[in-house]
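Here, residue 1 is the first one in the sequence, and each next residue gets the next number. This is a predicted model, so every value here is computed, not measured. As a basis for the values below, the full set of heavy atoms in this structure was taken, side chains included, without hydrogen atoms, waters or symmetry mates.
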Amino acid sequence: MEDPEAVARGICLRALTGTAKTRKQLADLLAKKDVPDEAAAAVLDRFTEVGLIDDAAFAAAWVSTRQSGRGLARRALSAELRAKGVDGEVAAAAVAEVDPQDEWDSARRLVERKLPSMRRLDRVTAERRLIGMLARKGYGGGLAGYVVREALDGRDVDELSDGPAGTAAAAPAGPGDRSELIEASSDPDPDLAAPVPWSRERSAARAAARARAAGGEEADMGGEVGEGLARPIGRLRPPPGSVPVDDLP
């Protein structure tokens, strides 16, 4: 090429038209275009002097955009700046401007946006995937684990409050529910209120007592007719674990 510096200036100006670039990015572009090293260095030095190349300003803008827009943590931001050729001290100064509270808030927003897609997953799987997502964004294990468990605990509480158990508790009694009728009775049957296991002797005594009250001849037959063969209508079923002993002989 007849004027390598002129070619280098044209390449750098076109590259800087859209977005800012670091010195290393422009140096790599000039090397790719086969611009001699001496001409490339001269142009890059001149651009740095006039402020067209400013790695510190580039790093600050990069950190602000990527932290607020993509929710990246400081560790991920430092890695990206190093990959773009920003000096380590310059990158560290730019990353240090990130408020730790902003980093926590960004992590919580990332988890909140991702949490609805984890609705069908069990807690262990959801926790593993959410922590992995935050790790790829540069968040440490301690911060990621705390934020994820916090979000999952909140999800569990919401599901319990909206679950079928709470709905069933508030639902009106159905046609088969007799608990309300029993409680409303002014003179409840003691057998309904506190059912006990049946016995042949107890059934015979009840039959004899009813016969004597009626004043009929059945008083002498109370222990013979229908003894232990039928239970009073409306009796509740025996409690779990009890065995009725007044079945048919």
Side-chain angles (χ1 to χ4, degrees), residues 1-115 117-118 128-148 150-151:
M1 55 187 68
E2 297 180 358
D3 190 351
E5 291 189 10
V7 173
R9 283 194 297 271
I11 293 173
C12 290
L13 288 174
R14 287 192 295 272
L16 292 170
T17 300
T19 57
K21 297 288 191 299
T22 64
R23 181 183 178 105
K24 185 177 186 304
Q25 286 177 306
L26 292 174
D28 292 342
L29 181 59
L30 294 176
K32 185 177 180 180
K33 298 294 184 178
D34 296 327
V35 175
D37 293 340
E38 293 182 359
V43 171
L44 293 175
D45 289 342
R46 179 57 181 167
F47 275 40
T48 301
E49 290 176 3
V50 299
L52 292 176
I53 299 176
D54 188 344
D55 284 0
F58 175 89
W62 184 267
V63 166
S64 177
T65 302
R66 301 286 284 178
Q67 198 278 327
S68 60
R70 299 291 301 278
L72 297 184
R74 287 171 289 184
R75 184 169 58 182
L77 293 171
S78 298
E80 288 187 346
L81 290 176
R82 288 195 300 269
K84 293 184 177 299
V86 177
D87 181 74
E89 294 183 0
V90 175
V95 171
E97 296 298 321
V98 177
D99 190 338
Q101 184 59 51
D102 292 340
E103 195 170 58
W104 280 84
D105 294 340
S106 297
R108 288 190 172 98
R109 286 193 296 269
L110 289 171
V111 172
E112 288 174 0
R113 288 201 296 264
K114 193 72 173 177
L115 196 59
S117 64
M118 306 284 176
R128 184 178 66 250
R129 293 188 181 183
L130 289 172
I131 291 178
M133 179 269 294
L134 291 179
R136 291 190 294 273
K137 297 284 188 178
Y139 293 92
L143 185 152
Y146 183 91
V147 170
V148 169
E150 178 186 55

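- From L26, atom CG reaches atom CG of L16 across 5.0 Å, with rounding to the nearest 0.5 Å.
- Here S68 pairs with nothing under the side chain to side chain contact (heavy atoms under 4.5 Å, CB included) rule; sequence neighbours left out.
- Partners of D105 according to the side-chain hydrogen bond (donor to acceptor under 3.5 Å, both in side chains) rule, which considers only residues two or more places apart in sequence or in another chain, are Q101.
- Heavy atoms from other residues, nucleotides or ligands lying under 6.0 Å from NZ of K137 number more than 12.
- Shortest non-hydrogen contact noted between L115 and A151 is CD2-O, 4.0 Å.
- Residues forming a side chain to side chain contact (heavy atoms under 4.5 Å, CB included) with R113 (at least two apart in sequence, or on another chain): R109, L110.
- Legend: salt bridge (Lys or Arg N to Asp or Glu O under 4.0 Å) pairs involving residues 73-86, not counting sequence neighbours, sorted by first then second residue: R66-E80, R74-E103.
- Without hydrogens or angle criteria, S64 side chain to A61 main chain gives no donor-acceptor distance under 3.5 Å.
- Qualifying side-chain hydrogen bond (donor to acceptor under 3.5 Å, both in side chains) partners for T65, counting only residues two or more places apart in sequence or in other chains: none.
- With values rounded to the nearest 0.5 angstrom, K114 atom NZ is found 5.0 Å from M118 atom CE.
- Sorted by first and then second residue, the salt bridge (Lys or Arg N to Asp or Glu O under 4.0 Å) pairs involving residues 88-99 (not counting sequence neighbours) form an empty list.
- Ion pair K32/D28 not flagged as a salt bridge, since none of the NZ, NE, NH1 or NH2 atoms sits closer than 4.0 Å to an Asp/Glu carboxylate oxygen.
- When the shell of 6.0 Å around CZ of R129 is examined, it contains 12 or fewer heavy atoms from other residues, nucleotides or ligands.
- Checked against side-chain hydrogen bond (donor to acceptor under 3.5 Å, both in side chains), R136 has no partners two or more places apart in sequence or in another chain.
- Under the side-chain hydrogen bond (donor to acceptor under 3.5 Å, both in side chains) criterion, D87 pairs with no residue, sequence neighbours left out.
- When the side chain to side chain contact (heavy atoms under 4.5 Å, CB included) test is applied to L29, the partners found at least two apart in sequence or on another chain are I11, A15, K33.
- For the ring-ring contact (aromatic ring centres under 6.0 Å, His included) condition, the pairs that include at least one residue of residues 60-81, sequence neighbours left out, are F58-W62.
- Taking the side chain to side chain contact (heavy atoms under 4.5 Å, CB included) definition, one finds that A6 meets it with D3, R9, sequence neighbours left out.
- Identified under the ring-ring contact (aromatic ring centres under 6.0 Å, His included) test for residues 90-114, with sequence neighbours left out: W104-Y146.
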